[in-house]
Number of protein chains: 2
Amino acid sequence: MKVKLHSALRTLATVTSQPNRQPKPPAAPRAPRRDALRNDAIVIDAARAVFAELGPQASMESIATRAGLGVGTIYRRFPGKDALLDAVARLLTEEIDQAAAAALEDPDPGAGLERFLEFVGAFNAEKRRYASALAARLADDDTVSTRTADRVLRLTRKAVDAGYLARDVTAEDIKALIVAMRGLVAAAPDGEDAPWRRFLRIHLAGLRAD
Amino acid sequence: MKVKLHSALRTLATVTSQPNRQPKPPAAPRAPRRDALRNDAIVIDAARAVFAELGPQASMESIATRAGLGVGTIYRRFPGKDALLDAVARLLTEEIDQAAAAALEDPDPGAGLERFLEFVGAFNAEKRRYASALAARLADDDTVSTRTADRVLRLTRKAVDAGYLARDVTAEDIKALIVAMRGLVAAAPDGEDAPWRRFLRIHLAGLRAD
DNA sequence: TCCAAATCGGAATCTGCATTCACTTTAACA
DNA sequence: TGTTAAAGTGAATGCAGATTCCGATTTGGA
């Protein structure tokens, strides 16, 4: 809605200004600067690193420093911290989605599901400081997460059909397992890592035996 | 260490001041005021309520308002927000400890364990907004949590001995389950409640079959 | 009922960010 | 190489919430 209104106005403006075009040559959209393009990636990388270290409440200042840039530069393209967090979230979701896609390829549904869950566990363990925060801001209507949810659904069905999981197990059960593992990992004290592998094995046994 | 030094100084001061006691009648420790005593409880109650509603980042202002008191009053006996959170944490831990004690009484170890876990699940679901924050600040050397940890250990052993749980299941596994359930419940969107009962049932199946 | 210590209240102060802005630097294009 | 729009900077600003302070109230005790 907002976007449409926006472009409508722009069009209108163009048309309106047509009569008196004098002060400046129409428009020579200059090519985007190299450093600008480069910094875009640098900022997201820095954000990932800093969030992983300090959690989602890390200051914009710290991210800017890590990126070797001024805070203002970050604000030039990300409206605010939320946008930055969203960008990182989308990026990481993509990684998980690919893991799900790969798991679906596995000829053995059970092995595929296990592999996927191991990946998610390790992934969250690595990003335990802010994984929950990111997951929380992923809207259900987000393109990537919808796609991933669909993959998990198919993965689950295949595993059930293959007899790897009990009949009444649904994708919701798998999602709950993922969320719970994330919680387990996030609660681990700084030094040691949570026993999420064992936890996963045990829960899978429950899902098989149900 | 700090405490010891403190009391040592106090003792020293007392002794030192003994020689010249003149300006004021020794000491007439007045009885604590009624309102002060009453407010102590009022503050903690308000804190519980507000934290449950807004999470641990609720402002001191909001807690004071809810208690019908000024912020200053809260600071009179709680050094700061942390102390308030600690106080609430200790209070709630007590409740869980009692549930653990009750579960140990159950003649059927398996039923006792199940009952305890159901209690913990419901308990965390009710306090999902701040349960994690509280758990995180419970020091391992805390008296209550040590006691509870011990109860969980015994509860687990009894269940294993009774054949309800697989041989290799340890108290660590039960603790992990509790933490994971908390994570599951905490992640649930505002309206609906997480399917922690089903999750618990499935995991228990895994712990039995292992 | 009166006095003074113990409390209360809540405005004022202090802090730690997020976000903005006026100014400087850089790179694209002629 | 000169011109200029696009980018970059980081100090200044705004704000929200924790903590402090001190005059106004209460309550225990004589």
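Note on naming: letters A, B, ... go to the chains in the order of the sequence lines (proteins, then strands), and numbering restarts at 1 for each one.
Here D:dG28 presents its P atom at 10 Å from CG of B:Leu37, a figure rounded to the nearest Å. What separates CD of B:Glu61 from C1' of C:dG10 is a distance of 8 Å, to the nearest Å. Atom pair B:Ile42:CD1 and C:dT7:C1' shows a separation of 14 Å (rounding to whole Å applied). Whole-Å rounding puts the B:Arg66 CZ to C:dG10 P distance at 18 Å.
Residue-to-nucleotide contacts include a donor-acceptor pair under 3.5 Å from the side chain of A:Arg33 to the base of C:dT26. Side chain B:Arg76 to base C:dT7: no donor-acceptor pair is found below 3.5 Å.
Using modelled atom types, no side-chain atom of B:Arg115 and backbone atom of B:Ala103 make a donor-acceptor pair closer than 3.5 Å. Between the side chain of A:Asp40 and the backbone N or O of A:Leu37, no donor-acceptor pair lies under 3.5 Å. The backbone N or O of B:Met60 lies less than 3.5 Å from no partner atom in the side chain of B:Lys81, so there is not a single donor-acceptor pair.
Backbone-only engagement by B:Ser59 is indicated by non-hydrogen atom pairs under 4.0 Å involving sugar-phosphate atoms exclusively. Using a 4.0 Å heavy-atom distance criterion, A:Arg77 is classed as a sugar-phosphate-only contact. No contact: B:Ala67 has no heavy atom under 4.0 Å from any strand.
If you run salt bridge (Lys or Arg N to Asp or Glu O under 4.0 Å) between A:Glu53 and each of A:Arg66, A:Arg48, A:Lys127, A:Arg128, only A:Arg66 comes through.
For D:dA7, the OP1/OP2 oxygens have no side-chain nitrogen or oxygen of A:Asn39 closer than 4.0 Å. Taking only side-chain nitrogens and oxygens, B:Thr73 comes nearer than 4.0 Å to OP1 or OP2 of C:dG9.
When each of A:Met60 and B:Gly68 is assigned the nucleotide of DNA chain C with its nearest heavy atom, B:Gly68 is the one assigned upstream, toward the 5' end. Ranked by how close their nearest DNA chain D nucleotide is to the 5' end, B:Asp35 and B:Pro79 are led by B:Pro79. Residues A:Pro32 and B:Gln57 both approach DNA chain D. Their nearest nucleotides, taken by heavy-atom distance, put A:Pro32 toward the 5′ side.
Salt-bridge annotation for B:Asp97 and B:Arg90: absent, with no side-chain N of the basic residue lying under 4.0 Å from a carboxylate O of the acidic one.
In the set D:dG28, C:dA11, C:dA28, D:dG28 carries the atom at the smallest distance from any side-chain atom of B:Ala31. In the set D:dG8, D:dG29, C:dA18, D:dG29 carries the atom at the smallest distance from any side-chain atom of B:Arg30.
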